[in-house]
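Every chain is numbered from 1, with letters handed out A, B, ... down the list of sequences.
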Amino acid sequence: MARKKLAPARARAPEIHARLVKRYPDAHCALDHEGAFQLLSATILSAQCTDKRVNIVTPALFARYPDPLALSAAKLEDVEDVIRTTGFFRAKSKSLVGMATALVERHGGEVPREMDALTSLPGVGRKTANVVLGNAFGIDEGVVVDTHVSRVSQRLALTKHEDPVKIEKDLVKLFPREQWTMLSHLFIEHGRQVCIARTPRCGECVLVDLCPSARV
DNA sequence: ATCCCGAGGG
DNA sequence: CCCTCTGGAT
């Protein structure tokens, strides 16, 4: 069975975006939050953890530590008890308290809006910084590349890389800046519902004819 | 056994 | 580049 040769990524990208927008018109940040500080905290917790699980623990976290000053003064053990079920709880607790302390000491208790300042915070890498910039501040600084975005991009052959930074470089060249933040939500939603890691549901995928990995 | 909106350290 | 950190869901 001859597989139809697909167009290069550059030619498929606009159609991929259009179909996903139509398929997931309500795509949005799945981490419950109010404001940059809460989103920053929730995103630190999201490492190797489902957003659903993060949303279970954050209400208690935000109630107990409503602002950077309160979180900076928290005892690590108390934070660990609240966030334990999200995994990596010792490292995440240190990151949260360290992040809050850095906000108080270096940024007047506010979340900075610059990539360099954000990634200088404890426990904050490029992925987390992109989440905050895009969703709390409305700045399309880059594309959030999490496990879903990585997998979907590879299956669609929009990148040949596995390194998230290299994947992001490929994606920002394929899609216009004003689409970057929403693109992440679209890929994440598609990755969760259809382009699932173990058993992708290619039979119900709106991108089958644009995907070299499709198995129907 | 594998995966989930990663980051830091060696 | 590699490894480690961690619990819950499937």
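At whole-Å resolution of the value, CD in A/Glu162 and P in B/dG6 are 16 Å apart. Rounded to whole Å, the distance from CZ on A/Arg151 to C1' on B/dT2 is 12 Å. In this entry the distance linking CG of A/Asp146 with P of B/dG6 reads 5 Å, nearest Å. Summarising the geometry, the separation between NE2 on A/His148 and C1' on B/dC4 is reported as 6 Å, rounded to the nearest angstrom.
In this structure A/Thr159 satisfies the side-chain hydrogen bond (donor to acceptor under 3.5 Å, both in side chains) test together with A/Asp170, sequence neighbours excluded. By the side-chain contact (heavy atoms from CB on, under 4.5 Å) test, A/Phe89 is found to be paired with A/Glu80, A/Ile83, A/Arg84, residues two or more places apart in sequence or in another chain being considered.
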Is there any protein nitrogen or oxygen under 3.5 Å from a nitrogen or oxygen in nucleotides 8-10 of chain B, and what are the pairs?
residue, atom, partner, partner atom, Å
B/dG8, OP1, A/Gly123, N, 2.8

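Taken residue by residue, residues 173-207 of chain A places heavy atoms nearer than 4.0 Å to DNA chain C at A/Arg198. Contacts between residues 76-90 of chain A and DNA chain B, defined by a heavy-atom separation under 4.0 Å, are made by A/Phe88. Shown for residues 35-63 of chain A: residues whose heavy atoms fall under 4.0 angstrom of DNA chain B, namely A/Ser46, A/Ala47, A/Gln48, A/Cys49, A/Thr50, A/Asp51.
Under a 3.5 Å cut-off, the side chain of A/His148 and the backbone N or O of A/Asp146 do not form any donor-acceptor pair. A donor-acceptor pair under 3.5 Å is formed between the side chain of A/Arg12 and the backbone N or O of A/Leu156.
Ring pair A/Phe175/A/Phe187 is perpendicular by interplanar angle, where above 60° counts as perpendicular and below 30° as parallel.
For A/Glu34, the CD atom counts as loosely surrounded, since its 6.0 Å shell holds 12 or fewer non-hydrogen atoms of other residues, nucleotides or ligands. Within 6.0 Å of the CD atom in A/Glu162, the count of heavy atoms belonging to other residues, nucleotides or ligands does not exceed 12. At most 12 heavy atoms of other shown residues, nucleotides or ligands fall within 6.0 angstrom of atom CD in A/Glu110.
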(request) Determine, step by step, whether A/Glu189 and A/Val194 satisfy the side-chain contact (heavy atoms from CB on, under 4.5 Å) criterion, reporting the C-alpha distance in whole Å, the side-chain angles of both residues, the deciding distance to 0.1 Å, and the verdict. (result) CA-CA 8 Å; A/Glu189 200 59 28; A/Val194 178; over 6 Å; no

(message) Checking A/Ser46 against A/Lys127 for the side chain to side chain donor-acceptor pair (under 3.5 Å) test, could you report, in this order, the C-alpha distance in whole Å, the side-chain angles of both residues, the deciding distance, and whether it holds?
(response) CA-CA 11 Å; A/Ser46 72; A/Lys127 181 259 177 180; 3.2 Å; yes

(request) Applying side-chain contact (heavy atoms from CB on, under 4.5 Å), run through A/Leu121 and A/Leu40 and close with a yes or a no. (result) CA-CA 10 Å; A/Leu121 299 171; A/Leu40 178 54; 4.1 Å; yes

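Between the C1' atoms of B/dC5 and C/dC3, the separation comes to 22 Å (whole Å). Using P as the reference atom, B/dA7 and C/dG8 are 22 Å apart when rounded to the nearest Å. Nucleotides B/dG9 and C/dG7 are separated by 22 Å at their C1' atoms, to the nearest Å.
Scanning both residues, A/Gly134 and A/Thr181, for their nearest heavy atoms gives CA-OG1, 3.5 Å.
By the criterion of side-chain heavy atoms lying less than 4.5 angstrom apart, applied directly or through intervening Ile, Leu, Val, Met, Phe, Trp or Tyr residues, A/Leu133 is not grouped with A/Met182; the two fall into different hydrophobic clusters.
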